[in-house]
Each structure stands twice: as C-alpha cells, then as structure tokens.
**Q** 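Dumping the structure here so I can ask a few things about it.
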Amino acid sequence: MTALPVDFQEEMKKLLKDEYKLYENSFDSEIFRGISINRLKATPEQVQKILPFKITKSPFYSDGWYIPSDEQGIGNLPIHHSGAFYVQEPSATSAVELLEIQPNDKVLDLCAAPGGKSSQIASCLNGTGLIWSNEVVKNRANILLSNFERMGIANGIVSSCYPEILCAKLSGYFDKVLVDAPCSGEGMFRKNHDAITEWSREHVLSCANRQLSILNSAAQCVKQGGVLVYSTCTFSYEENEGVIKQFLAENPDFEPEDIHENFGRKTEIKGAVRITPLEKGEGHFAARLIRKSENNNFPEPYIAPIKNSKNAELYKIVQKMLDDIFVKIPSGKIVIINDKAFIIPENLPDINGLGVIRAGVFAGEFKKNRIEPQHALFMSSKPENIKRVLDLKPDDSRLVDFLKGLEIDCEGENGYTAVSLDGIITGFGKCSNGRLKNKYPKGLRIL
Ligand code: SAM
C-alpha cells in the first residue's frame with residue numbers, strides 16, 4: 001500500500017486519538033461499496049429480485065444499501081441501464097439524509113456531477129417540487145445530464161454555471177441547498193491510492209479557501225428557514241469544521257441545527273457529522289445549517305417561448321405524438337425550442353444566462369415535419385401511463401440484445417413501444433409487424 005503522508009497521519013491522530021491504529025488497520029480490509037435506490041423507477045424489493053447478488057441495508061440513508069465489495073461490471077447490468085439505482089459509496093449518501101427533503105421542496109445541488117446526490121434528491125422528491133443540479137465543469141455537466149436521463153428525472157434543471165452567478169440570480173429561491181464541495185479527498189484514500197500521492201498540506205488549505213467561497217455563494221439562494229447542507233469526502237479539520245466556523249462567523253444569518261440522524265461520529269460543530277471507515281463508510285463530513293433571516297429576493301419567473309399562429313402546427317404535432325404514446329400524458333408545459341420539444345416543470349424561475357443545458361424532459365426532435373420521440377421521454381415515464389410496453393423478464397435474451405442496439409421480436413400492436421425490465425422502463429423502440437426497431441441511444445449501448 002502507498003504510505004500515508006506523515007502530516008496527514010498527524011492530523012488523523014489528533015482526530016481519532018486512541019482509534020488511529022484501527023483506522024490504519026482498515027487499509028487491510030475491503031472497501032465499502034453501495035447503491036442508492038431510485039424510487040422514481042423501482043423499490044428495493046424489485047431491485048433485489050433482479051440483482052445477481054445480495055444487498056444489505058446501510059445506516060447512512062433510508063434507501064442506501066451495501067453491495068459486495070468485489071462485485072464487478074455493475075454498470076453493464078441491464079438493471080443499471082434501467083436507472084433503478086445509482087452506484088454510490090455508502091457514506092456519500094449521508095449528506096442528502098441531512099437535507100430532510102419534503103414533498104414539493106425546491107432543491108439546489110450546487111456541485112452536482114456526476115449526479116449521485118442529485119439522483120437521491122430526485123428520488124426523495126418523488127416527482128414533486130424541483131431539483132436544480134449545477135456543475136461548473138462543462139464536460140462533467142454532460143455526464144450529469146446523462147445520469148439525469150437514466151434516472152428518469154422530469155422535474156429538474158441541469159446547468160453549468162459559476163456558483164456566484166447562479167446563486168446571485170436565484171437569491172432566496174430554494175428550500176434546500178446542497179454544497180457537496182470539491183475537496184482533498186482523504187476519505188477516498190482506501191479506494192484510490194492516487195489520492196494519497198496527490199495529497200499535500202497546501203492542497204488542503206487551497207481546498208478550504210475554495211470551499212468557503214462556494215458556501216458563501218450558496219448561502220444567497222437559501223430562503224428564510226431553508227436548509228444549507230455542506231459536505232465533503234475528506235477528514236481534514238480545515239476543510240470541514242474550519243470552513244463551517246469561518247462561514248458562520250461571516251454569515252450570522254445562519255445557525256447550525258441538530259440532526260436527527262443516528263450515524264457517524266459527532267464533531268465540535270452542532271449539527272455536523274463525520275464518518276470514517278470505523279463506522280463502515282469510506283469517509284465523509286456533513287453539516288446542516290439553517291437560515292434564520294429574511295431573504296425575499298425572489299427571482300423573475302421564466303417566460304417560455306409561446307405558441308402562436310406560426311408554430312401552432314408544431315405544437316399540434318407534439319401533442320399528437322404524446323396522445324399516440326401515452327394513456328396519461330406527462331405533466332408539465334410543452335415548449336418548442338428550435339427543432340426540439342421539451343416538457344418543462346411549471347413555474348420555473350428565469351433560467352436565462354445561467355448555463356442551463358436541460359430543463360425538464362427532452363420529449364421529441366423534429367425531422368422535417370415529423371417528430372421523433374426521445375429516450376428521456378420514456379425513461380421518465382411510468383409503464384402504467386404508456387399504451388404499448390414490451391415487458392421482458394431478466395432472463396429474456398432479448399433484453400441484452402435490445403441494450404446492444406439490435407432489432408428484437410416484439411409481440412403487440414405497431415407503434416412506439418417502451419421496453420421494460422420486469423416493470424422498469426429501460427428504453428423504447430418502434431414495433432412494426434412483430435419486430436422492434438431499436439431506439440436505444442448509440443452512446444449508451446453495451447458492446
Ligand atoms: N455531488 C456529486 C455527486 O454526488 O455525484 C459529487 C461532487 S464532487 C465532490 C465536487 C464537484 O464540484 C466536482 O464535480 C467538481 O467539478 C465541482 N467543482 C470544482 N470546482 C468547483 C468550483 N469552484 N465551484 C463549484 N464546483 C466546483
């Protein structure tokens with residue numbers, strides 16, 4: 001194993017005292033791995049029935065489960081393609097638990113890629129409220145978007161914007177804000193030995209500066225009584241307690257609040273928790289803060305492109321497509337932007353100038369005067385709302401063929417047809433005389 005830097009060892013000894021040796025010994029044990037269930041698509045029972053290995057409950061999140069640490073190739077399993085769960089380090093799920101999400105909450109995930117915590121938030125919201133997921137690094141924001149589509153999130157926004165710009169414009173808008181900050185990653189040392197060699201005191205201190213600046217931006221968009229959760233995957237005092245103490249000194253509008261969750265170890269900050277391998281997680285810190293003061297600068301509402309005499313025909317084509325596919329049409333507002341149709345959540349704030357790369361669901365794309373439905377439209381829908389569904393059992397060989405992009409046999413009437421894995425929608429195709437023309441996106445196909 002790569003030797004732990006001496007300065008890091010000293011910090012950990014201060015933190016863990018008598019238990020330090022146990023931490024050091026933990027490098028000889030297996031790492032912890034887990035999944036969080038996506039309630040938009042499946043229940044733990046459904047997932048367990050299909051998975052080829054056993055999952056066991058984790059203490060960090062109501063829908064968090066451990067998976068065997070040596071399990072390989074989970075990303076290639078058809079049930080992973082279906083979006084029924086997100087593979088996530090078990091202690092990483094704790095931050096969302098601290099948000100204590102309620103139905104209809106408007107939630108901002110400010111540092112969101114690749115999307116593990118956004119996926120948890122969307123699952124907790126269960127289609128209500130709004131999840132706004134932002135990732136400043138553009139190519140990481142695209143991965144976030146792809147995960148949004150896999151998880152079937154319809155009530156969301158994906159953006160790539162600097163926190164200071166985004167949060168100034170959305171001042172006072174959110175009930176809950178998560179800052180899962182970029183950090184020195186000490187909590188990942190057991191699973192990523194490169195992180196050990198990259199570690200330095202200077203890096204820790206520069207992370208702490210950046211974290212404070214992101215947290216100060218985030219504070220602006222929390223409404224009165226709203227919750228701000230700060231989390232990292234590092235043990236460092238400076239990046240955790242140090243950042244929170246400095247933030248509270250600069251922002252007397254916020255107070256730390258006791259948490260009800262029963263996991264991890266207490267810290268000197270009320271409402272903050274630290275998880276180490278000794279608590280059966282790799283390593284995380286999370287703190288829950290509440291805004292006490294007023295913050296009533298609501299953003300302007302979003303003005304969607306309107307239906308008029310010039311484009312009325314296009315709106316009719318979208319409506320006809322939806323009528324053809326659905327028993328119950330997804331809720332939201334249809335908007336057409338250039339050659340694309342979206343179904344966006346009602347009552348959005350103004351999204352202009354905020355680097356939005358997706359609002360709501362990409363429903364269809366115009367090709368000359370016809371429209372082609374999109375993968376995201378099916379992924380975000382429940383099978384009971386769709387007219388034609390080809391349901392395949394886990395051992396049906398057509399499932400893997402479908403995910404490879406092949407044409408498969410399809411009983412049932414002609415037309416656009418969802419393909420589901422034991423009731424979980426995984427994609428769609430077009431059924432024509434007993435054969436399903438494959439519409440599984442090329443970039444997602446298995447080889
Ligand atoms: N929340 C994510 C999840 O659960 O999948 C993980 C987020 S990761 C710990 C931190 C993210 O912050 C990275 O995606 C990184 O690109 C982004 N980031 C880096 N610098 C940033 C900055 N200055 N402001 C905001 N985000 C930043």
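Note that ligands are numbered from 1 as they come in the structure, with each ligand's atoms numbered from 1 the same way. Everything numeric in this text was worked out from a predicted model, so none of it was measured.
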**Q** Please confirm whether F189 and F235 have ring centers closer than 6.0 angstrom.
**A** no

**Q** Please examine the side chains of L348 and P301, heavy atoms only from C-beta on, and report whether any two atoms are closer than 4.5 Å.
**A** no

**Q** Give the residue and atom name of whichever protein heavy atom lies nearest to atom 22 (C) of ligand 1, and the separation in Å to one decimal.
**A** I214 CD1, 3.6 Å

**Q** What protein heavy atom sits nearest atom 12 (O) of ligand 1, and how far off is it?
**A** C111 CB, 3.4 Å

**Q** Atom CG of L51 and atom NZ of K49: how far apart are they, to the nearest 0.5 Å?
**A** 12.0 Å

**Q** Please state which protein non-hydrogen atom is closest to atom 23 (N) of ligand 1 and give its distance, to 0.1 Å?
**A** R210 CD, 3.7 Å

**Q** What protein heavy atom is closest to atom 27 (C) of ligand 1, reported as residue, atom name and distance in Å?
**A** V136 CG1, 3.5 Å

**Q** Anything under 30° is parallel, anything over 60° is perpendicular, the rest tilted; go ahead and classify F27 against Y23.
**A** perpendicular

**Q** Using a strict cut-off of 4.0 Å, indicate which atoms of ligand 1 neighbour a heavy atom of P163.
**A** 24 (N), 25 (C)

**Q** Counting heavy atoms only, which of S119, P182, S213 is nearest atom 18 (N) of ligand 1?
**A** P182

**Q** So, taking the atom named CG in N209 and the one named CD in E238, what distance separates them when rounded to the nearest 0.5 Å?
**A** 11.0 Å

**Q** If we ignore angles and hydrogens, is there a donor and acceptor under 3.5 Å between the side chains of S184 and T234?
**A** yes

**Q** For residues 261-293, which residue pairs pass the ring-ring contact (aromatic ring centres under 6.0 Å, His included) check, not counting sequence neighbours?
**A** F60-F263

**Q** Which is closest to atom 3 (C) of ligand 1 by heavy-atom distance: S133, A95, G116?
**A** G116

**Q** Heavy-atom pairs closer than 4.0 Å: do any link ligand 1 to the side chain of C233, the backbone, both, or neither?
**A** neither

**Q** Short N/O distance, under 3.5 Å, between E135 and ligand 1?
**A** yes

**Q** With side chain to side chain donor-acceptor pair (under 3.5 Å) as the criterion, how do R291 and S293 come out once you've worked through the C-alpha distance, each side chain's angles and the decisive distance to 0.1 Å?
**A** CA-CA 6 Å; R291 177 189 271 283; S293 63; 2.9 Å; yes

**Q** Within ligand 1, which atoms have a heavy atom of A181 less than 4.0 Å away?
**A** 9 (C)

**Q** Geometry only, no angles: is D180 polar-contacting ligand 1 at N/O separations under 3.5 Å?
**A** yes

**Q** Counting only pairs under 3.5 Å, give me each side-chain donor-acceptor contact of residues 440-447, with atom names and distances, residues two or more places apart or in other chains.
**A**
{"unit_1": "Y440", "atom_1": "OH", "unit_2": "H81", "atom_2": "ND1", "d": "2.8"}
{"unit_1": "R445", "atom_1": "NE", "unit_2": "Y440", "atom_2": "O", "d": "2.7"}
{"unit_1": "R445", "atom_1": "NH2", "unit_2": "Y440", "atom_2": "O", "d": "2.8"}

**Q** So, do F428 and P373 sit near enough that their side-chain heavy atoms are less than 4.5 Å apart?
**A** yes

**Q** For ligand 1, which is the ligand I care about here, please tell me if R140 has any N or O atom under 3.5 Å from one of the ligand's N or O atoms.
**A** yes

**Q** Consider every N or O of V137 and every N or O of ligand 1, then say whether any pair is closer than 3.5 Å.
**A** no

**Q** Give me the nearest non-hydrogen protein atom to atom 2 (C) of ligand 1 as residue plus atom name, then the distance to 0.1 Å.
**A** A113 O, 3.2 Å

**Q** So if I count the atoms of ligand 1 from 1 in the order they appear, which ones are less than 4.0 Å from some heavy atom of G115?
**A** 3 (C), 5 (O)

